[in-house]
Structure formats: structure tokens, C-alpha cells
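Working notes, beginning with the structure itself.
All ligand and atom numbering here is 1-based and tracks the order in the structure. Numbers here are sequence positions counted from 1.
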Amino acid sequence: MDTWHIFLGSILFAIPLILLLRGRKGGRLRVPPGPPSLPVLGSVVWLTNSLADVEPLLRRLFKRYGPIVSLRVGSRLSIFVADRRLAHAALVERGATLADRPALPSLKLLGENDNTITRASYGPVWRLLRRNLVSETLHPSRVRLFAPARSWVRRVLAEKLRDESSSGGAAVVETFQYAMFCLLPLIYRSRKMAVFAFLPSVTKHLYRDRLQNVHAMQRRKKDLFVPLINARREYRKLGGEPKKESTFEHSYVDALLDIKLPEEGNRPLTDNEMINLCSEFLDAGTDTTSTGLQWIMAELVKNPAIQEKLYKEISARKGDDQDEVSEEDVHKMPYLKAVVLEGLRKHPPAHFVLPHKAAEDMEVGGYLIPKGATVNFMVAEMSRDEREWEKPTEFLPERFLPGGAGEAVDVTGNREIKMMPFGVGRRICAGLGIAMLHLEYFVANMVREFEWQEVPGEEVDFAEKNEFTVVMKKPLRPRLVPRRA
Ligand code: HEM
């Protein structure tokens with residue numbers, strides 16, 4: 001072992017030890033450091049910063065206090081973790097302790113329960129709902145059955161992009177969203193509820209209009225989903241055969257109709273619960289995937305040599321006469337996978353995982369995470385950390401090929417975390433497999449159909465904007481030159 005390795009080994013050994021000693025005061029563990037707090041308001045930083053700008057604020061706090069910091073929102077303690085090793089210790093090594101979710105104050109205002117996969121407490125209902133989605137609908141054997149739907153959406157997407165490109169810079173963002181809407185049908189989302197995290201009993205009066213809008217959207221969601229659910233009920237009653245390409249033998253709604261909640265006297269799901277679960281399925285999968293697709297295509301526009309290398313890999317497998325790059329094909333394309341992983345590393349669609357809750361007191365990095373605290377993990381900070389990734393601001397898919405630093409990176413983070421675009425541990429994204437498949441499938445087919453070029457005056461701009469996911473502030477508008485007749 002050379003001196004450099006001994007030096008590196010000592011540093012890696014010393015960091016947790018230093019953190020451990022810093023967290024102790026008179027032998028007792030302290031909560032992670034952070035700015036001072038005031039009663040009712042929480043951390044004083046809220047006097048000069050808004051919740052919407054929490055990411056740059058956190059970056060400043062990590063510089064000042066280290067990779068784990070505390071903030072208070074009202075009386076609630078939120079802890080933020082930016083270090084990949086601490087994330088592994090918290091979410092994988094002591095996974096069950098942090099597998100719970102904090103209660104959403106807004107749910108009560110809306111008269112809703114938390115029976116969805118994302119919101120449910122870590123327990124039997126969550127387990128049942130999650131298993132239902134993962135093994136009944138998103139299991140690879142089921143996902144394969146949806147190949148005709150994927151093909152149909154790919155054709156629609158290519159046609160729409162062809163139309164767009166004939167009129168100059170193509171507005172690809174809406175087209176990607178539309179494609180994902182078609183694939184995971186229609187969407188409803190309620191992202192404007194963050195204000196109700198502060199004193200819901202007061203903010204519900206201050207933001208009465210916003211609350212009314214959310215109620216109206218809830219009604220619209222009901223109008224939209226109930227007929228679809230009822231149609232499926234009828235269809236099952238008749239024991240019907242699938243009649244056309246878009247009618248599948250199995251759907252998520254079928255799996256939901258079969259569920260009985262053992263903890264609650266074996267009752268079936270209510271219509272409201274089914275609506276929330278359908279809408280969660282679409283919410284969770286649509287924006288995330290179309291945002292990921294947009295960032296990856298933007299990088300390919302900006303890096304024509306990488307696009308060309310990818311095109312060569314694709315055309316070596318698929319002749320011009322063949323219809324599409326299929327699911328089976330994409331599994332055999334290592335460079336395509338590297339491009340998608342590098343896109344998710346540099347531009348994770350979600351910069352935070354969903355909030356976790358500590359079920360009991362626990363120690364992370366030498367600090368106390370008290371029972372009931374909310375714990376958040378900084379996805380983008382980890383995958384852009386220059387101590388872990390060489391040239392993290394550059395788009396270099398080669399790092400995921402044999403010999404590269406990201407070779408054999410495991411996005412599930414079970415062994416170690418290098419990046420965690422889908423979260424890790426027990427609450428890891430339930431759609432990881434299908435999300436990776438959709439990204440690889442659409443990137444491959446879109447690069448095969450068109451050459452994606454930068455348009456003068458519409459240069460690619462990697463500035464970010466916080467929406468439901470982190471999107472391109474200036475949407476991508478490339479020139480698309482068809483590669484095939
Ligand atoms: C590129 C696309 C996607 C990304 C980047 C992504 C990312 C994430 C992240 C970061 C979480 C939170 C993990 C945590 O709290 O620790 C999550 C949770 C979740 N995702 Fe995804 N997701 C994607 C696509 C999908 C798709 C396609 C579906 C389903 C159709 C889906 C369903 C879910 C569900 C149900 C959860 C909640 C898991 C739980 O609480 O047990 N996601 N996802």
C-alpha cells in the first residue's frame with residue numbers, strides 16, 4: 001500500500017470520528033448544528049429566505065456547519081443530509097428507523113387519509129400498496145406486456161416532433177410531457193400545498209383561495225377517475241376479453257380493485273383511495289421521467305460527439321429497415337445506459353428525496369436525530385460532489401463504462417451510495433425499473449429518428465428552475481433533422 005492510499009484511508013477513517021466527537025456534548029449527543037431558532041417561526045433564516053429557495057440556503061449552511069444540518073420550520077425539526085456515507089448509514093444500514101414519512105398537515109385540511117404509497121406510514125398498509133404496485137403492475141413480466149403501448153407512444157412522439165421541427169426550434173418539453181401522459185395516462189397534481197406546512201390552522205385562512213382551488217382540483221380529479229374506475233369494474237363484471245391495442249388484460253386499477261385491507265376488517269379500497277393511488281401513479285412517473293428525458297436530450301444537443309457515439313451504438317444493432325429500438329435492444333447497449341446514468345447524475349429530476357421521519361431516536365454521523373424529526377437527503381449535492389466525482393459539472397458518460405469511476409455504479413445504493421436519483425433503502429422509488437427502461441427506450445429511439453442540433457439564438461442553457469421537479473429554466477428548443485425517410 002503506498003503513502004497516498006494510507007493517507008486517503010486515514011482521512012476516510014477520521015471523518016466519521018471527527019463528526020462523532022463534534023456531535024457529543026458532555027457525553028450526550030446533540031442534534032445536528034444549524035442556525036438559531038425563534039418560537040413559532042422556527043429558524044431565523046426564514047426571516048430572509050423563502051422555502052422555495054431552500055436549496056441555495058442549504059448549500060451555504062453545509063459550508064458553515066458541515067454535511068448534516070438542522071432547520072426548524074415552525075416547531076418542526078428538519079434535518080438535511082448532504083453526505084453519501086451518512087445517507088448510507090441512515091437509510092440503508094438503519095433503514096427501518098427512517099422508513100416512515102412525516103404526516104402532511106395539508107391532508108387533514110383536505111379531509112384525506114394517507115393511504116398512498118408515498119404518504120403511508122411504514123407499516124402493513126404501505127407494504128400492501130407498494131407490493132401491489134411493484135409486483136402486480138411494474139414487475140418486468142408485466143412491463144413487457146405494455147410494449148405495444150410504448151411503441152404507440154414512440155410513434156406519436158416521433159410524429160409530433162417531426163411536425164414541431166418543420167417550424168424551426170422544436171418545443172420538445174411539452175411533447176415529452178404529452179408522451180409520458182399518454183403512457184401513464186392523464187395527470188393531476190397538487191404542488192401548491194407547501195404554504196400549509198407553516199401553521200395550517202392560520203394559513204388555511206390566509207390562503208383560502210389556494211385551498212379552494214385545491215378542493216376544485218380534487219373534484220375534477222374525481223370526475224376524471226371515477227368513470228375510468230367504474231368502466232374497469234364493468235369490464236371485469238362482464239369477464240371481457242381485451243378488444244383493441246389500448247385495452248390490456250391487466251391494469252393498475254384491476255390490482256387496486258382486488259386489494260383488501262386486513263388491518264381494517266378486510267375492507268376494499270374506497271373510491272377516494274383508488275383515485276389518490278391512480279393519481280399518485282401518474283404524478284410520480286410523468287414529470288420525473290419527462291424532466292429526465294429533457295435534460296439528457298439537452299446534453300446530447302450540447303455534446304454532438306457523444307450523440308454521434310450513441311447513434312453509432314444504436315445503428316450497429318438496428319438497421320434502417322427495422323421499426324424500433326426495442327426493450328430487448330436497449331438492454332444490450334452499454335453506452336446508452338452510461339448516457340442515461342450520467343444524465344441522472346448531473347441532472348437528477350428530484351434534488352431531494354421525499355421527506356423521511358425518524359421512528360425513534362437514532363445517531364447519524366455522531367449527531368442525534370430525535371424521534372419524530374423529518375430527515376431530508378440532498379440528491380443533487382451528492383452526485384455533483386467534487387470530492388467524489390472528477391469534473392462533476394461536465395457530461396462524461398464514459399465514467400460509467402469499464403475503467404471509469406462510476407463503473408458498475410449501483411443506483412439502488414445497497415452496497416454504497418455514489419448517487420441516489422431514485423432514493424435508497426426501503427422507500428426507494430417504486431418505479432425505478434420502469435423509469436430507467438422508459439429513459440433508455442425513448443433516448444435511443446429519439447436519437448435514431450433525428451439528429452438533435454443546437455439552433456443559433458436558442459443555445460442550450462443549463463440553468464435550473466424548481467417546479468414539481470427541477471426543470472430547465474429555458475426550455476430546450478433544438479433543430480431536429482430526420483435521419484430516416
Ligand atoms: C426518472 C424518473 C423517476 C425519478 C428520478 C424518481 C425519483 C423518486 C424519488 C427520489 C423518490 C423518493 C424516494 C425516497 O423518499 O427516499 C421516489 C419515490 C417514488 N416513486 Fe419515483 N421516480 C421516477 C419515476 C417513477 C415512476 C415511473 C413511478 C411509477 C409509475 C414512480 C413511483 C414512485 C413511488 C410510488 C414512490 C414512493 C415510494 C415509497 O414511498 O415507498 N417513480 N421516486
Using the rule given for side chain to side chain donor-acceptor pair (under 3.5 Å), can you reason through Thr270 versus Asn272, listing the C-alpha separation, both sets of side-chain angles and the distance that settles it, and then say yes or no? CA-CA 5 Å; Thr270 62; Asn272 228 14; 5.8 Å; no

With a 4.5 Å cut-off on side-chain heavy atoms, are Leu91 and Met420 touching? yes

Given the ring of Tyr122, does Arg127 sit roughly above its face, with NZ or CZ under 6.0 Å from the centre of the six-membered ring and within 45° of the axis? yes

Logged contact type for Arg130 with ligand 1, heavy-atom cut-off 4.0 Å, is side chain

Arg427 to ligand 1: N or O pair under 3.5 Å? yes

Please classify the Met420 to ligand 1 contact at 4.0 Å (heavy-atom distances, strictly less than): side chain, backbone, both or neither. neither

Can you confirm whether the side chains of His347 and Glu299 place a donor and an acceptor under 3.5 Å from each other? yes

Contact with ligand 1 for Arg101, non-hydrogen, under 4.0 angstrom: yes

Specify side chain, backbone, both or neither for Ile434, according to which of its non-hydrogen atoms lie closer than 4.0 Å to ligand 1. side chain

Is Pro421 touching ligand 1 with its side chain, its backbone, both, or neither, if touching means heavy atoms under 4.0 Å apart? backbone

Enumerate the atoms of ligand 1 whose separation from the nearest heavy atom of Gly285 is less than 4.0 angstrom. 25 (C), 26 (C), 27 (C), 28 (C)

Numbered in order shown, the ligand 1 atoms found under 4.0 Å of a heavy atom of Gly431 are 26 (C), 28 (C), 31 (C), 32 (C)

Please check if any side-chain donor atom of Arg60 sits under 3.5 Å from a side-chain acceptor atom of Asn49, or the reverse. yes

Return yes when His356 approaches ligand 1 closer than 4.0 angstrom through a heavy atom, no otherwise. yes

Could you note down all residue pairs passing salt bridge (charged side-chain N to carboxylate O under 4.0 Å, His left out) where residues 92-104 supplies at least one of them, sequence neighbours left out? none

Any idea which of Trp295, Phe352, Phe422, Phe377 brings a heavy atom closest to atom 6 (C) of ligand 1? Phe422

Quick one: side chain to side chain donor-acceptor pair (under 3.5 Å) partners of Glu381, sequence neighbours excluded? Arg59

Between Trp126 and ligand 1, which part of the residue brings a heavy atom under 4.0 Å of the ligand: side chain, backbone, both or neither? side chain

Do you see a donor-acceptor pair shorter than 3.5 Å between the side chains of Ser279 and Asn276? no

Considering the heavy atoms of Phe281, write down every atom of ligand 1 situated less than 4.0 Å from one of them. 30 (C)

For residues Tyr441 and Glu324, is any side-chain donor paired with an opposing acceptor at under 3.5 Å? yes

Checking heavy-atom distances from atom 43 (N) of ligand 1 to each of Ala430, Ala350, Cys429, the winner is Cys429

Ignoring angles and geometry beyond distance, decide whether Leu354 reaches within less than 3.5 Å of ligand 1 through its nitrogen or oxygen atoms. yes

